[in-house]
Amino acid sequence: MLSIKNLKANINGKEILKGINLEVKAGEVHAIMGPNGSGKSTLASVLAGREIFEVTDGHVEYMGEDLLELSVEERASKGIFLGFQYPVEIPGVSMVNFMKAAVNAQRKHRGEEPINASEFLKLMREKKDIVELDSKLTGRSVNEGFSGGEKKRNEIFQMAMLEPKLSILDETDSGLDIDALRIVANGVTKLKNKDNATVVITHYQRLLDYIVPDFVHVLYKGKIIKSGTKELALELEEKGYDWLIKDL
Amino acid sequence: MSNDQDKILEEVTGSDYKYGFVTDIENDAIAKGLSEDTVRLISEKKKEPEWLLEYRLNAYRHWLTMEQKEWAHLDIPEIDFQNIIYYSAPKPKKELASMDEVDPDLRETFEKLGIPLDEQKLLSGVAVDAVMDSVSVKTTFKQNLAELGIIFCSFSEAVQEYPDLVKKYLGSVVPSRDNYYAALNSAVFSDGSFCYIPKGVRCPMELSTYFRINAANTGQFERTLIVADEGSYVSYLEGCTAPQRDENQLHAAIVEIYVHKDAEVKYSTVQNWYPGDKEGKGGIYNFVTKRGMLHGDNSKLSWTQVETGSAITWKYPSCILKGNNSTAEFYSVAVTNNYQQADTGTKMIHIGKNTKSTIVSKGISAGKSNNSYRGLVKVAKGAENARNFSQCDSMLLGDKCGAHTYPYLEVDNPTAIVEHEATTSKIGEDQIFYCNQRGIETEDAIGLIVNGYAKEVLNQLPMEFAVEAQKLLQISLEGSVG
Ligand SMILES: Nc1ncnc2c1ncn2[C@@H]1O[C@H](COP(=O)(O)OP(=O)(O)OP(=O)(O)O)[C@@H](O)[C@H]1O
Ligand SMILES: [Mg+2]
């Protein structure tokens with residue numbers, strides 16, 4: 001589904017990604033871990049197409065297409081979803097309106113008719129239940145005044161609404177209380193099937209007890225320095241990153 | 001970072017002013033130029049009574065002695081008042097069987113604008129008075145309204161049919177010597193709408209006036225007079241468009257609203273005069289005096305405006321809170337893009353006791369435009385317990401535009417409580433990226449964000465128009481920052 005080869009990216013002339021290689025197949029779950037500032041969020045943003053990052057080298061193929069040629073909206077409409085580490089507030093725009101605009105924009109991109117009102121409300125209800133999102137939140141403005149945990153839960157709600165093929169979840173677990181972590185993680189698992197893939201960025205192995213990864217990668221200074229199975233996460237939890245960095 | 005933001009905003013592709021077409025129709029126009037003879041000629045063409053001619057001439061003679069004010073943030077090129085046509089009426093192609101029959105070309109013009117003049121086709125519950133260039137073309141639903149004693153007709157018709165009412169209220173809120181453009185309007189006004197709601201009557205439908213400038217080199221000087229008698233209620237909407245022309249055209253209107261005891265008036269404007277092209281060529285100069293007199297106790301007046309058009313806008317819908325316990329509100333969204341300039345705001349003059357006013361102003365500037373809020377809150381000596389709350393927000397798209405806020409305060413009564421809040425914000429690259437990532441295109445994202453920002457004001461508009469206004473906000477920002 002996703003094939004990243006030697007991807008390099010800059011911001012303001014500073015190189016952050018220094019040659020990333022990664023293969024993600026449909027049905028798989030990949031976890032990306034790594035110290036603060038290593039480039040995890042940057043990788044997520046570059047895959048989503050954020051223009052403040054400049055891709056200087058490498059190639060990314062997504063479902064047989066050159067991903068780097070596509071606009072942010074096109075990528076979204078073709079099934080790429082980014083769960084933000086820091087979800088953005090949009091004052092005055094209700095979640096309902098925002099979601100409707102998003103669902104219809106993606107439909108339009110795919111040449112489909114806009115969703116009708118009752119179908120849309122039904123979809124909202126259904127998907128809210130998956131992450132047990134408080135109904136009051138969908139009546140409020142996008143992320144405005146949401147608590148840290150509510151924002152994260154709201155990201156997964158949006159993921160459920162948009163039914164993406166490739167979800168990149170950037171520290172969705174941070175800020176969630178113990179119960180919320182279980183609910184949100186189970187929500188992500190419920191949305192999993194053989195045709196979609198998930199990349200979870202996290203600092204904590206406990207998330208991976210719920211969302212069991214097929215592969216775990218360690219990103220350090222813009223490069224993947226180690227890949228393994230879920231046991232690698234346990235090892236990292238125990239030993240930290242030092243032993244890997246020393247080996248370099 | 002800010003460069004990227006500019007780039008994103010710049011990439012939002014340009015779209016053209018949708019209402020820029022010209023109707024090819026013959027006009028009955030008088031020669032260019034302004035003199036006492038011009039004033040007399042207009043009055044004569046409209047078969048006006050002697051007192052009205054006198055009113056015009058007084059205003060004209062006073063205007064000659066006045067000078068245009070310099071405005072801090074408006075760069076107004078000199079206007080040649082001799083190069084303007086002061087009266088132009090669309091000439092019907094064939095003789096009309098009745099006054100109510102409208103020339104098919106005119107009908108088509110208004111249909112293109114989304115204002116069908118056939119009553120059965122109109123938005124349910126909205127009566128329209130359509131004004132093209134200098135004259136009123138047609139007023140719909142007149143019969144239905146008449147049954148309730150409501151008068152809603154063109155100003156010229158009111159002069160003929162209800163001279164006593166017109167004489168009593170004309171100039172009672174905006175005196176003919178009020179300011180330079182008010183004096184000019186009082187001398188040469190051509191037509192407009194008149195509305196009277198009798199005692200105790202709630203007007204069951206929205207009343208709406210639609211202004212259209214069509215002919216070239218023509219000034220539009222319309223006059224709106226609304227009188228709400230004791231205990232009555234009316235909601236009134238005004239819309240405006242003009243063709244795309246290279247030269248500037250002058251629009252100098254007066255709106256007077258007189259609110260009696262226990263009566264309530266809501267006045268909403270969606271102003272979309274041609275703003276000029278992307279290089280700042282052409283466009284309407286919109287110099288308007290709008291004022292309401294809250295004369296009786298417990299009277300209410302609310303101004304709501306969505307201002308997206310005009311090359312230069314100069315406009316301060318104001319309220320004189322004379323009656324005790326009277327309440328006034330001003331809700332405004334003003335968008336400027338490209339080279340547009342707007343200097344708008346309100347004046348709240350508290351005279352009666354326990355009077356209350358609210359001001360919510362949302363400015364949005366893009367391109368190389370300048371957007372200023374100028375507001376005066378005045379509390380007179382006798383105005384015990386006056387209250388005012390003002391909220392003035394500015395939003396900037398890009399870094400080549402300007403936003404300015406000038407709140408003036410004159411408080412002569414120690415019991416007054418006056419509060420003012422102001423904020424300035426920018427549309428962030430992160431907000432646009434967030435929308436894009438969900439599949440929403442940048443243009444729609446800006447529309448969404450701007451409409452969210454202006455929601456408090458848009459919520460004040462009648463439903464049918466709120467939707468139109470939302471679209472308009474988005475359209476006027478297309479091709480924004482450059
Ligand atoms: N907009 C920006 N301007 C300048 N530098 C940036 C910008 N965004 C990211 N960086 C830098 O890029 C590097 C990688 O940041 P990134 O956010 O990708 O790290 P991360 O691995 O997600 O870290 P964390 O675990 O703390 O979330 C950091 O050194 C950061 O300061
Ligand atoms: Mg990060």
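- Only the side chain of A:L162 comes within contact range of chain B, with at least one heavy atom under 4.5 Å from a heavy atom of that chain.
- Interface remark: A:P87 contributes backbone and side-chain atoms alike to the contact with chain B (heavy atom separation under 4.5 Å).
- Annotation for B:K300: atom NZ does not count as buried by contact number, only 12 or fewer foreign heavy atoms lying within 6.0 Å.
- Under a 3.5 Å cut-off, the side chain of B:Q431 and the backbone N or O of A:E89 do form a donor-acceptor pair.
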Can you check salt bridge (charged side-chain N to carboxylate O under 4.0 Å, His left out) on A:E144 and B:K455, steps first, answer last? CA-CA 15 Å; A:E144 197 186 24; B:K455 191 159 91 179; over 6 Å; no

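- Using a distance-only test at 3.5 Å, with no hydrogens or angles considered, no donor-acceptor pair links the side chain of A:E51 to the main chain of B:F433.
- Interface remark: of the candidates B:D444, B:I440, B:L448, B:I440 forms the most heavy-atom pairs closer than 4.5 Å to chain A.
- Heavy atoms from other residues, nucleotides or ligands lying under 6.0 Å from NZ of A:K18 number more than 12.
- When the shell of 6.0 Å around NZ of A:K128 is examined, it contains more than 12 heavy atoms from other residues, nucleotides or ligands.
- For A:K127, the NZ atom sits in a packed shell: over 12 heavy atoms of surrounding residues, nucleotides or ligands are nearer than 6.0 Å.
- The number of heavy-atom neighbours closer than 6.0 Å to NZ of B:K356, taken from other residues, nucleotides and ligands shown, is 12 or below.
- With a threshold of 4.5 angstrom between heavy atoms, A:I11 does not approach chain B through any atom at all.
- When all heavy atoms of A:F81 and B:Q437 are compared, the pair lying nearest together is CA-NE2, 3.7 Å.
- Within the 4.5 Å cutoff, the side chain of A:I90 has heavy atoms near those of the B:C435 side chain.
- A 4.5 Å side-chain heavy-atom check between B:N436 and A:R75 finds every atom pair outside the cut-off.
- Residue contact with chain A, scored on non-hydrogen atoms closer than 4.5 Å, involves the backbone and the side chain of B:Y434 alike.
- Judged by distance alone, the side chain of A:Q106 and the main-chain N or O of B:R438 form a donor-acceptor pair under 3.5 Å.
- With contacts defined as side-chain heavy-atom distances shorter than 4.5 Å, the pair B:N451/A:V93 does not qualify.
- B:D430 is listed as a side-chain neighbour of A:R50, based on a closest heavy-atom distance under 4.5 Å.
- Minimum heavy-atom separation, A:A76 to B:G439: CB-N, 3.6 Å.
- Of the residues considered (A:V88, A:V142, A:V103), A:V88 shows the highest number of contacts with chain B, using heavy-atom pairs under 4.5 Å.
- The neighbour count for B:E456 CD, taken as heavy atoms of other residues, nucleotides or ligands under 6.0 Å away, does not exceed 12.
- With a 4.5 Å cut-off on non-hydrogen atoms, A:Y86 does not touch chain B at all.
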